[in-house]
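As structure tokens, the structure follows; a few thoughts come after it.
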Amino acid sequence: MDEKYFAKKIEDKWQTKWRESGAFEVEVNNDKPKFYQLEMLPYPSGNLHMGHVRNYSVGDAIAWYKRLKGFNVLHPIGWDSFGQPAEDAAIKRGVNPRDWTEENINHMRGQLQRLGLGYDWRREMAAHRPEYYKFDQWFFLKMYEMGLAYKKKTQVNWCENDKAVLSNEQASGGLCWRCGNAVTKKDLEQWFLKTTAYADQLLDDMTEIEAGWAEKVLKRQRDWIGRSEGAFVDFITNYWSKPIRVFTTRIDTIYGANAIVVAAEHPIIEAKYETFSAELRVAIEKIKAEKLKVTDHEAEVEKEGVDTGLKAINPFSQEELPVWVGNYVMIEYGTGAVMSVPAHDERDFEFAKKYNLPIRQVISEPHLAHEHHTMQVLALEQAFSDYGVLVHSDYWNGKTSEQAKKEMTHHAETHGFGEGATTYRLRDWGISRQRFWGAPIPIVYCETCGIVAEKYENLPIELPEQIVLDEGIEGTSPLAKDENFVNTVCPNCGEAAKRETDTMDTFVDSCWYYFRYLDNKNSEMPFAPEKAAYWMPVDQYIGGDDHAVMHLIYTRFWTKTMCDMGLVKFNEPVKRLLTQGMVIGETFFDVIPNEDDPESGGKRVYYPPSSVTVERDAKGKIITAKSADGKPLKSAIERMSKSKGNGVDPDEMVEIYGADAARIFILFAAPVENELVWNEAGIEGAVRFLQRVWRFVFKWKAKLSEPSAVADGLNAAILDADGNPPATAGGSDSRKLRQKTHQTIKRIEENLESLQFNTPVAALMELSNALYDFKVEPETASESDVFAIREAVESLILMLTPFAPHTAEELYSQIVGNDRGILANEARFPEFRAELARADEIEIPVQINGKLRSRVLASPDATNEDLEKLALADAKIIEHTDGKQIVKIIVVPKRLVNIVVK
RNA sequence: GCUUGGGUGGCGGAAUAGGUAGACGCACAGGACUUAAAAUCCUGUAUCCUUCGGGGUGUGCGGGUUCGAUUCCCGCCCUAAGCACCA
């Protein structure tokens, strides 16, 4: 054992040993409880960033902890290796996207290994390899058979910058999720997966995972699915063959309708367009055009509308209502038409005010209902959107909203002009991408047979090895230009046919990658169901909460389809989800205005922080920042990345401080859910801590490895010959050390179970400090001193394993005298014993009128009366109570005494 | 605008079935060791007053409940994230 701690040396040693012994390789084993620890897989961009280090350090800590608790722990990793950056690199630099990706994977795998993360590398998967995407295609065919995959022409979200189609989720807020560019609309034939078929299950099954998922994630998913229960009501119009169907959640307000408002894209508008005046057409076109523009997030859009002159009949009141086109009605939601009830809906209210439409109150607050007996227009200051009692509604007057909703829906149903209905905000998932670097959609277009699914035995439909990638023909994949790829034969009739050239959204890959880890060599099936039956569901999943509605909804959907395919027998793939906060850092940039579109805010050009001169106020906030050539720069705190120049290279940190120190530091710095503003200043403390532990073990190694009369071996050390702990043996100092040891065991166990990682590191530091406070030298130590130290040191080392595995392994090997490793020696997390953690003496604060005045020492068995007596006998307390009347004494058992005086 | 988190020393952060606020670390200061430095070890560090025994104040702000509130309740302010015409 070296006297000094050489991180590099021990890290190399143990990384080699782990690899050679297959320390983290696991198989199905029914004799052990299983634990599936999963972290979100990285995109192989070329370099790990600190966010990865954080994510994977947490995952590895849990994996180690569970191993030490006797679980059969599956801890795999892979690569989300399809996607745009590879294609961009290919276009920009002429590299082959496959080579670029493979190189990046190799480099990043090395980075992960240098961090000493304990993965079962045999199970690695990469999305871009045909062995994997074969099954993307396999699943697509299954879903096609099940009617879950279909094609339709649709207006898609289109990002002009990326030349890419975006899903609703990816275009959320009208901005491209990747580049932030404004999203426009484009008509394209697209493949969809029927996520809406599982909308109810996606919502209802949340009860199964509530316990393990953060409420904020579930809430976002709930909002995203947006189930809304109400009714369809048909308004007959003499001007059109079909009635206008509206969706409403407030059928009880129907007597208050003053108009029907439809979206500009509504079929009735198309049908009657010819008959409209030029003026009306212009107004409608203007509304349409405005909608295609990016909506500024900050500003509320002014409501616009135009009366079409068409009329529709309210089926309840028989009243004739005007049909308007309104910019606030969305064609995508519900039926694209609403009944406007200004008195009871804020938007309709605003609209009616603007265009002077009548506002009629038909719902009243219950205690005011009797005042609404005449049909007069009430001067409402604002819409009343609460439930209440119906007024001015004929037969329905006096009913509550709840009653009326039920009965009026039923009435509509029995009379054939409506029905109860549930609508969703959730759309089907458009998976077509006009891109090269993704899994080809296994569909063939045949002149005679039409759309034909590929045969399973023809999978995988492979991407060509070489392809010319350039900006591409707008709206088609670069694959369309590859004759060899496009031309094929029809799987049905054998005639010449053409392939689908769109590829799948890369979120398809991440839907099921963690199932592939279970059985990644399987060439027949995505995975063997019996392996999934053992390992799944995932016990702990860790990743960023930016995936709350995309990846995590898609993968839940995917699991439900797999359940229907008979591949798995459960509804929910992930029992417990931990969302980690971003690692962020200061960025400095200059804004270069975009000449084509001066309003878009321009492009940011980033400057590395090392080249920026910064002036700060007393609180450390940046006042001014200047580049090296004196240009004033703007600053922000943003997610760390290489392109923004605020990234820290994990390799550099590992090189300087060691992987263990880097890992301890990132876990210790802040709770995982918090954002972590990167500040390297604390990492020295992590190194110092490891060195302190090292030096202590070095000093005591010889003494601790001597055979002991009290106990031998690691776990036995806690027990005496009868299996009982020698709780009272030894002097009071050694007794105190044992107390600290066991208190620490409890704390760390509780912390890790509740997914806290900063506090257990603090607890380990305390235990290490307690060892230094124990002023005994190896040469003069008594048997019971050695015993207490051995117990503390062994516990410390084992509890250190999840955080600093290399250091722990090396120190452990020094103590047990073999190099086989912690796992091969079947070491276990130290066992907590309450009787040892219990203090002999407890300190009881004594308050007077709620203010701390003194402390007394008492036995942990002291009764309330004992504590009261002790408190009153205390000199300081006597001083404070002297001459005053004691009104009351409150004793909190074993915690506190409060004396109330006058 | 709506929803949900969060405001604690110079800094990251501990501690809430209501019960010693500031664990642990960083930074800083003083001391020991050293020819010197680094490393290491020890001591101190919320703030104000102090006769050095202590005392006052303090967990974003203002109220309330309580013997006692960082924790519970009411009303504000600030901040981060998500959503934003969803009928």
Side-chain angles (χ1 to χ4, degrees), chain A residues 4 172-174 214-217 219-220 223-224 226-228 230-231 246-251 253 261 295 297-298 300-303 326-330 332-341 344-348 350-351 385 423-426 545-546 548-549 581-582 584 618-620 637 664-665 668-671 673-686 688-689 691-692 695 747 756 758-769 772 843-855 876 879 887-901:
Chain A
K4 284 178 84 178
S172 177
E215 180 50 35
K216 63 173 176 178
V217 174
K219 188 185 179 296
R220 281 181 66 188
D223 289 349
W224 193 263
R227 178 160 68 190
S228 171
V246 305
F247 175 72
T248 177
T249 55
R250 293 298 303 272
I251 195 172
T253 66
V261 185
T295 49
H297 259 206
E298 309 305 314
E300 191 122 312
V301 180
E302 173 87 7
K303 292 201 172 29
N327 68 341
Y328 71 103
V329 179
M330 300 183 298
E332 305 88 20
Y333 183 76
T335 60
V338 301
M339 59 179 204
S340 167
V341 185
H344 306 291
D345 181 287
E346 268 177 50
R347 292 153 305 174
D348 296 339
E350 201 186 314
F351 192 69
S385 52
T423 61
Y424 301 89
R425 193 185 113 111
L426 183 74
D545 67 358
D546 41 335
V549 285
M582 284 191 287
I584 53 182
K619 287 223 160 193
I637 293 183
I664 284 213
F665 173 62
F668 181 62
E673 284 104 331
N674 284 20
E675 256 179 8
L676 175 59
V677 179
W678 187 253
N679 173 7
E680 205 146 319
I683 191 166
E684 306 266 1
R688 276 202 281 268
F689 163 61
Q691 287 170 338
R692 266 167 78 85
R695 277 197 307 272
R747 270 174 72 184
Q756 288 173 277
N758 55 334
T759 46
V761 174
L764 288 172
M765 289 173 170
E766 282 186 44
L767 181 57
S768 144
N769 290 346
Y772 275 85
E843 195 186 72
I844 302 288
V846 183
Q847 298 179 337
I848 290 179
N849 290 347
K851 285 190 181 179
L852 180 71
R853 295 300 179 194
S854 183
R855 299 179 175 90
K876 282 187 211 138
E879 211 176 292
V887 180
K888 195 171 169 187
I889 298 176
I890 292 132
V891 182
V892 182
K894 302 185 198 324
R895 296 207 74 155
L896 167 140
V897 178
N898 186 14
I899 301 164
V900 186
V901 298

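To find a chain, count down the sequence lines: A is the first, B the second, and so on, and within it residues start at 1.
Looking at the side chain of Arg895(A), the nearest of the listed nucleotides A87(B), U20(B), A14(B) is U20(B). Residue Leu896(A) places its side chain closer to U20(B) than to any other of A23(B), C67(B), U20(B). Of the candidates G68(B), C85(B), U20(B), G68(B) carries the atom nearest the Asn898(A) side chain, counting heavy atoms from C-beta on. Of the candidates A87(B), C24(B), A27(B), the closest approach to any side-chain atom of Asn769(A) belongs to C24(B). Distances from the side chain of Asp345(A) to the nucleotides G13(B), A87(B), G56(B) place A87(B) closest. Of all nucleotides listed (U20(B), A87(B), G13(B)), U20(B) comes nearest to the side chain of Gln847(A). For Arg692(A), taking side-chain heavy atoms from C-beta onward, the closest of the listed nucleotides C41(B), A87(B), C67(B) is C41(B). Side-chain proximity of Ile890(A) to the nucleotides C85(B), G12(B), C67(B) is greatest for C67(B). Side-chain atoms of Phe247(A) lie closest to A87(B) of the nucleotides G12(B), U40(B), A87(B). Residue Lys851(A) has its side chain nearest to G56(B) when only G56(B), U20(B), A87(B) are considered.
Atom name P, nucleotides G9(B) and G22(B): the rounded distance is 14 Å, in whole Å. To the nearest whole angstrom, the two P atoms, one in G25(B) and one in C73(B), are 35 Å apart. If you take atom P in U20(B) and the same atom in A32(B), they sit 39 Å apart, rounded to whole Å. Nucleotides C11(B) and C48(B) have their P atoms positioned 15 Å apart, rounded to a whole Å. Rounded to whole Å, the separation between the C1' atoms of A23(B) and A15(B) comes to 8 Å. Comparing C83(B) with G12(B), their P atoms are spaced 28 Å from each other, to the whole Å. For the P atom pair drawn from C28(B) and C72(B), the interatomic distance equals 37 Å after rounding to whole Å. Rounded to the nearest Å, the gap between the P atom of G64(B) and that of C2(B) is 28 Å.
The NZ atom of Lys219(A) sits 17 Å away from the P atom of A81(B) (whole-angstrom rounding). If you measure from atom CZ of Arg688(A) to atom P of A27(B), you get 5 Å, rounded to the nearest angstrom. U4(B) atom P lies 17 Å from atom CG of Asp545(A), rounded to whole Å.
Taking the syn range as angles within 90° of 0, the glycosidic angle of G56(B) is outside it, so the base is anti. Nucleotide G53(B) is shown with a syn base, its glycosidic torsion being within 90° of 0.
Within the 4.0 angstrom heavy-atom criterion, base atoms lie near Met330(A). Contacts of Glu879(A) with the nucleic acid, taken as non-hydrogen atoms under 4.0 Å apart, are absent. Looking at heavy-atom distances under 4.0 Å, Asn758(A) makes contact with sugar-phosphate atoms alone, never a base. The residue Asn327(A) sits close to a base: some heavy atom pair falls under 4.0 Å. Residue contacts for Val329(A): at a heavy-atom cut-off of 4.0 Å it reaches a base atom on one of the strands shown. Within 4.0 Å of Gly334(A), counting heavy atoms only, lies no atom of the nucleic acid at all. Val892(A) comes within contact range of at least one nucleobase, with a heavy-atom separation under 4.0 Å. Within 4.0 Å of Arg347(A), counting heavy atoms only, lies at least one base atom of the nucleic acid. Glu843(A) comes within 4.0 angstrom of a nucleotide base, judged by non-hydrogen atoms across all strands. Within 4.0 Å (heavy atoms only), Arg855(A) reaches at least one base atom of the nucleic acid.
OP1 or OP2 of A80(B) has not a single side-chain nitrogen or oxygen of Lys216(A) nearer than 4.0 Å. Phosphate contact (OP1/OP2 of A23(B), side-chain N/O of Arg747(A), threshold under 4.0 Å): absent. Look at Ser228(A) and you'll find a side-chain N or O under 4.0 angstrom from OP1 or OP2 of A87(B). Put simply, Gln756(A) has a side-chain N or O that comes within less than 4.0 Å of OP1 or OP2 on A15(B). Contact annotation: Arg425(A) side-chain N/O to A87(B) OP1/OP2 distance is not under 4.0 Å.
Within 6.0 Å of the CD atom in Glu346(A), the count of heavy atoms belonging to other residues, nucleotides or ligands does not exceed 12.
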Can Val900(A) and Asn849(A) be said to form a side chain to side chain contact (heavy atoms under 4.5 Å, CB included), step by step? CA-CA 5 Å; Val900(A) 186; Asn849(A) 290 347; 3.7 Å; yes
Starting from the C-alpha separation in whole Å, work towards a yes-or-no answer on side chain to side chain contact (heavy atoms under 4.5 Å, CB included) for Gln847(A) and Leu896(A). CA-CA 8 Å; Gln847(A) 298 179 337; Leu896(A) 167 140; 3.6 Å; yes
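Panel note: side chain Asp545(A), backbone Val217(A); no donor-acceptor pair is recorded below 3.5 Å.
The CD atom of Glu302(A) lies 7.0 Å from the CD atom of Glu350(A); values are rounded to the nearest 0.5 Å. How far OG1 of Thr248(A) is from CE of Met339(A): 3.5 Å, rounded to the nearest 0.5 Å.
Looking at Val897(A) and Ile899(A), their side chains come closer than 4.5 Å, going by heavy atoms from C-beta outward. Side-chain contact check for Asn769(A) versus Arg692(A): some heavy-atom pair is nearer than 4.5 Å. Put simply, the side chain of Lys876(A) does not reach to within 4.5 Å of the side chain of Arg853(A), judged on heavy atoms.
Mapped onto RNA chain B by nearest heavy atom, Arg853(A) and Glu684(A) fall at different nucleotides, with Glu684(A) at the one closer to the 5' end. Nearest-nucleotide mapping onto RNA chain B: of Asn674(A) and Ala686(A), the residue sitting toward the 5' end is Asn674(A).
Salt bridge status for Asp345(A) with Arg250(A): absent, with no side-chain N to carboxylate O gap under 4.0 Å.
Classification of the Phe351(A)-Tyr328(A) ring pair by plane angle, with boundaries at 30° and 60°, yields tilted.
In RNA chain B, runs of at least 3 stacked Watson-Crick or G-U pairs (N1-N3 plus N6-O4 or O6-N4, or N1-O2 plus O6-N3, all under 3.5 Å) give these stems: B:1-7 with B:77-83, B:10-12 with B:24-26, B:28-32 with B:40-44, B:46-49 with B:54-57, B:60-64 with B:72-76.
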